[in-house]
Amino acid sequence: MAKYSYPAVFTPAEEGGYIVTFIDFEGATQGEDVTDAIVMATDFLNFLLCDLEDDKAAIPQATNIKNVEAPENGFVNMIVAYTDAYRKVLLKENNPIKYARERAKLNIKQLADLLGAPYRTVQDWNRGKTFPPKWVEKLVIGKIESVM
């Protein structure tokens, strides 16, 4: 599992909440309060690192937190990213049928046979090319889970 940890700088925003930046990356995110800012920073870092991994780009070495200065009325906190787990969350949210199929260790043909559905239809769902209506999606996932 790919696991990373980077220091994040939490700067109070004029309108309230915090703006979060990472010394080792460009860009920023923000949250309405400390908890929201940490959640947003975690999501930001995971997404950014997944993109770097997908592009086979170099992952920068994390700056030592001792070398990061906190802004006035702000703070510095380490943010942890688990890119493998994050990818599963994204898959579950963006393609729940594929997620359920993989958890059940079914290939596309096995799922098509289980559902009595055309192979091409199931293949398109798996690729994210098309999706069934939500009510059909729930039925398909229920059927997959019944064989797990």
Side-chain angles (χ1 to χ4, degrees), residues 1-11 13 16-68 74-148:
M1 180 183 331
K3 180 179 175 181
Y4 306 93
S5 181
Y6 286 89
V9 178
F10 292 74
T11 305
Y18 292 89
I19 297 170
V20 185
T21 56
F22 289 88
I23 299 296
D24 303 299
F25 301 102
E26 291 183 18
T29 188
Q30 64 185 56
E32 295 177 6
D33 54 34
V34 171
T35 302
D36 188 45
I38 290 172
V39 168
M40 296 300 289
T42 302
D43 189 56
F44 177 87
L45 183 61
N46 271 290
F47 190 77
L48 191 141
L49 289 166
C50 282
D51 275 353
L52 290 174
E53 288 176 350
D54 290 347
D55 294 343
K56 297 185 181 3
I59 307 290
Q61 181 75 23
T63 299
N64 187 321
I65 194 168
K66 293 176 186 175
N67 299 331
V68 182
F75 62 97
V76 177
N77 192 49
M78 292 301 287
I79 300 296
V80 177
Y82 297 93
T83 55
D84 292 344
Y86 187 74
R87 287 175 200 283
K88 287 179 185 174
V89 168
L90 288 178
L91 180 59
K92 185 176 183 179
E93 290 177 2
N94 296 325
N95 195 334
I97 292 175
K98 181 177 180 179
Y99 176 78
R101 180 189 63 75
E102 288 180 354
R103 283 190 58 224
K105 296 180 173 46
L106 296 172
N107 63 36
I108 295 169
K109 177 157 182 5
Q110 290 168 324
L111 179 56
D113 291 346
L114 176 69
L115 299 172
Y119 178 85
R120 176 71 105 218
T121 298
V122 176
Q123 185 180 46
D124 286 348
W125 294 346
N126 191 71
R127 290 180 181 161
K129 186 176 178 183
T130 63
F131 294 102
K134 285 291 181 191
W135 66 272
V136 173
E137 180 180 281
K138 288 180 183 180
L139 291 172
V140 169
I141 291 169
K143 185 73 170 179
I144 294 169
E145 290 174 348
S146 74
V147 298
M148 289 174 63

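These numbers were taken from a predicted model, which means no experiment stands behind them.
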Sub-4.5 Å side-chain heavy-atom contact between Phe10 and Ile79: yes
Within-4.5 Å side-chain heavy-atom neighbours: Pro96 and Val140: no
Parallel, tilted or perpendicular, as decided by the 30° and 60° cut-offs, for the rings of Tyr86 and Phe47: perpendicular
Non-hydrogen side-chain atoms of Tyr6 and Leu49 separated by less than 4.5 Å: yes
Side-chain heavy atoms of Asn94 within contact of Tyr99, under 4.5 Å: no
Arg120 side, atom CZ; Trp125 side, atom CH2 - distance, nearest 0.5 Å: 14.5 Å
Inter-residue atom distance Glu53.CD - Ile59.CD1, 0.5 Å rounding: 5.5 Å
NZ/Lys98: more than 12 non-hydrogen atoms of other groups inside 6.0 Å: yes
Flag side-chain contact, heavy atom, 4.5 Å: Leu111 against Asn126: no
N-O pairing of Lys88 and Asp84 below 4.0 Å: no
Student check: side-chain heavy atoms of Val20 and Val9 closer than 4.5 Å: no
Interatomic spacing from CD in Gln110 to NZ in Lys105 - rounded to 0.5 Å: 12.0 Å
Contact summary for Pro7 and Ala62, nearest pair of heavy atoms: CD-CB, 4.4 Å
Val89 vs Asn46, side-chain contact (heavy atoms from CB on, under 4.5 Å): CA-CA, chis, key distance, verdict: CA-CA 11 Å; Val89 168; Asn46 271 290; over 6 Å; no
Parallel, tilted or perpendicular: ring planes of Phe44 versus Phe22, cut at 30 and 60 degrees: parallel
Heavy-atom pair of closest approach, residues Ser5 and Met78: OG-CE, 3.0 Å
For the student: nearest non-hydrogen atoms of Asn67 and Thr63, plus distance: CB-CG2, 4.3 Å
Approximate separation, where rounding is to 0.5 Å, of Ile108 CD1 and Thr121 OG1: 12.0 Å
Student check: side-chain heavy atoms of Asp54 and Arg87 closer than 4.5 Å: yes
Minimal non-hydrogen separation, Glu102 against Leu91, with atom names: OE1-CD2, 3.3 Å
Check: Leu45 and Asp43 side chains under 4.5 Å, non-hydrogen atoms: no
Least distance between heavy atoms, Ala104 atom then Ile144 atom: CB-CG2, 3.6 Å
Gln61 to Asp24 - nearest heavy-atom pair and separation: O-OD1, 3.6 Å
Rounded distance (nearest 0.5 Å) linking atom CG of Asn77 with atom OH of Tyr18: 11.5 Å
Separation of Lys3 NZ from Thr83 OG1 (nearest 0.5 Å): 12.0 Å
